[in-house]
Amino acid sequence: MGVLGCFALVFGLGLVACGGDDDDGGGGGGGKVALLLPESKTTRYEAHDHPEFESNLKRHCPDCELVYSNANQDASQQQDQVEAALTEGIDVMVLDPVDSASAAGMVNLAKQQGVPVISYDRLILGSDGVDYYVSFDNVKVGELQGSALVKKLADDGTPTGPIVKINGSPTDNNAKLFGQGAQSQFDAAGVQIAKEYDTPDWSPDKAQQEMEQAITAVGNNGFTGVYAMNDGTAGGAIAAMTGAGVDPASKPTTGQDAELEAIQRIVAGQQFMTVYKATSLETDATAQLAAALAQGEDVPSDLVNDETDNGAKMVPSVIETPVAVTIDNLQDTVFKDNGDLGPPYQTVQDVCVAQFAQACKAAGLE
Ligand code: BGC
């Protein structure tokens with residue numbers, strides 16, 4: 001934090017400590033924490049990660065100040081946002097990278113200024129400057145998607161597919177892990193792949209084009225299910241099917257994130273499953289780490305539960321558990337109250353708007 005910014009805070013707020021290295025001695029006093037998220041087409045970031053991190057940080061560090069930016073899936077924009085945050089004198093950087101590999105350079109910049117870095121949700125590769133990593137078991141996410149689809153294909157009488165695979169962004173390390181987990185299930189069951197695409201930027205529009213290409217290439221009857229890596233790409237794939245006159249209910253489609261629109265599609269029978277990742281747990285763990293680092297305090301001893309190889313070091317990690325969601329367990333997952341950590345991930349009220357009222361009634365959701 002620059003000298004002027006420091007005075008302004010002291011005069012303006014009285015008790016707020018100056019940032020930078022000034023308050024590294026420990027014992028509270030707040031600090032500036034940057035949260036840098038990668039994109040906004042996937043709804044989780046603005047609907048969950050950002051507000052939940054903000055309120056959890058307030059709880060764990062009432063005097064901490066949040067500096068927030070979203071890179072809109074543009075790595076060079078994220079670079080600018082990192083530089084701006086460092087110029088503002090942040091004490092901790094929480095970075096969810098657009099590009100897992102090139103973000104190593106951003107970590108180096110932070111390190112030059114003595115700012116600790118938490119790799120949030122996506123692992124930053126090839127840098128020994130990453131202090132912590134907070135995420136879900138991402139191979140497990142892929143296994144949940146893959147095994148649910150394998151079971152459904154068998155139930156539908158087409159145990160070996162073939163399926164269309166709509167993957168996520170090749171610059172996201174998570175996409176690699178989800179793919180590993182899912183493909184292990186397809187290999188074990190002998191599921192054939194009719195067509196497979198990587199989706200730049202995880203863009204739902206591009207996913208729709210990919211699915212249109214797949215349908216054109218293999219025909220309406222040339223596939224029996226769709227592996228979509230997240231709910232955004234599932235939405236694109238389902239729109240392409242509808243546009244081509246294919247009933248999405250007849251082609252089980254996976255997803256991830258438990259987005260509002262995905263839950264509505266599940267209730268309406270258009271999407272088969274999603275994966276619920278409780279961002280309240282992820283943001284809470286990250287806020288606890290950030291609060292401790294910002295105030296020079298010890299990190300709670302029971303928080304770190306794993307370590308992850310990023311190619312340059314074993315990064316101390318907090319790894320949460322994902323849950324598969326179908327129409328059968330909505331109440332116990334996305335609609336469940338989260339107690340202190342916040343409201344349910346989705347509410348029946350939001351899901352069951354007029355257009356879905358009948359489907360909700362049929363599913364016993366009212
Ligand atoms: C996240 C997913 C998200 C995807 C697209 C992944 O790194 O783990 O939850 O759907 O990025 O933003």
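Everything numeric in this text was worked out from a predicted model, so none of it was measured. Order of listing sets the numbers, starting from 1, for every ligand and every atom in it. The first residue of the sequence shown is numbered 1, and numbering continues consecutively from there.
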*Asks:* For ligand 1, which atoms have a heavy atom of F178 less than 4.0 angstrom away?
*Replies:*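 Those qualifying, in numeric order: 8 (O).
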*Asks:* Hey, what do you get for CD (Q264) to SG (C352), rounding to the nearest 0.5 Å?
*Replies:*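 Here the interatomic distance stands at 8.0 Å.
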*Asks:* Can you tell me the protein heavy atom closest to atom 11 (O) of ligand 1 and the distance?
*Replies:*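 Among all protein heavy atoms, the one nearest atom 11 (O) of ligand 1 is R122 NH2, 2.9 Å.
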*Asks:* When you measure from atom 1 (C) of ligand 1 to every protein heavy atom, which one gives the shortest distance, and what is it?
*Replies:* D121 OD2, 3.2 Å
*Asks:* Can you hop from L330 to L260 via hydrophobic side chains spaced under 4.5 Å?
*Replies:*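 Same cluster: L330 reaches L260 through Ile, Leu, Val, Met, Phe, Trp or Tyr contacts under 4.5 Å.
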*Asks:* Give me the nearest non-hydrogen protein atom to atom 6 (C) of ligand 1 as residue plus atom name, then the distance to 0.1 Å.
*Replies:* D172 OD2, 3.3 Å
*Asks:* Quick one: pull up CH2 in W202 and CG in D231 and give me the separation to the nearest 0.5 Å.
*Replies:* 10.5 Å
*Asks:* In terms of hydrophobic clustering (I, L, V, M, F, W, Y; side-chain heavy atoms under 4.5 Å; direct or indirect links), are M106 and V98 co-clustered?
*Replies:*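 Looking at the clustering, V98 is in a separate group from M106.
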*Asks:* Within the structure provided, determine whether L123 and S135 are in side-chain contact (heavy-atom separation under 4.5 Å).
*Replies:* no
*Asks:* Give the numbers and elements of all ligand 1 atoms closer than 4.0 Å to a heavy atom of T42.
*Replies:* 5 (C), 10 (O), 12 (O)
*Asks:* Pull out every atom of ligand 1 sitting under 4.0 Å from any heavy atom of R44, numbered as shown with elements.
*Replies:* 1 (C), 2 (C), 8 (O), 9 (O)
*Asks:* Which protein non-hydrogen atom lies closest to atom 4 (C) of ligand 1, naming both residue and atom, and how far is it?
*Replies:* W202 CE2, 3.5 Å
*Asks:* Using a strict cut-off of less than 4.0 Å between a Lys/Arg side-chain nitrogen and an Asp/Glu carboxylate oxygen, indicate whether E282 and R44 qualify as a salt bridge.
*Replies:* yes
*Asks:* Heavy-atom contacts with E39 under 4.0 Å: which atoms of ligand 1 show up? List them by number with element.
*Replies:* 5 (C), 12 (O)
*Asks:* With the threshold set at under 4.0 angstrom, would you say Q73 reaches ligand 1 through any of its heavy atoms?
*Replies:* no
*Asks:* Check whether any side-chain heavy atom of N72 sits under 4.5 Å from a side-chain heavy atom of Q77, and report yes or no.
*Replies:* yes
*Asks:* Among all the protein's non-hydrogen atoms, which is closest to atom 10 (O) of ligand 1, and how far away is it?
*Replies:*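 Its nearest protein heavy-atom neighbour is D257 OD2, 2.6 Å.
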*Asks:* Does even one non-hydrogen atom of F136 get within less than 4.0 Å of ligand 1?
*Replies:* no
*Asks:* State yes or no: are the ring centers of H50 and Y45 separated by less than 6.0 Å?
*Replies:* no
*Asks:* Please list, in number order, the atoms of ligand 1 under 4.0 Å from a heavy atom of K277.
*Replies:*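 The atoms of ligand 1 under 4.0 Å from a heavy atom of K277 are 1 (C), 2 (C), 8 (O), 9 (O).
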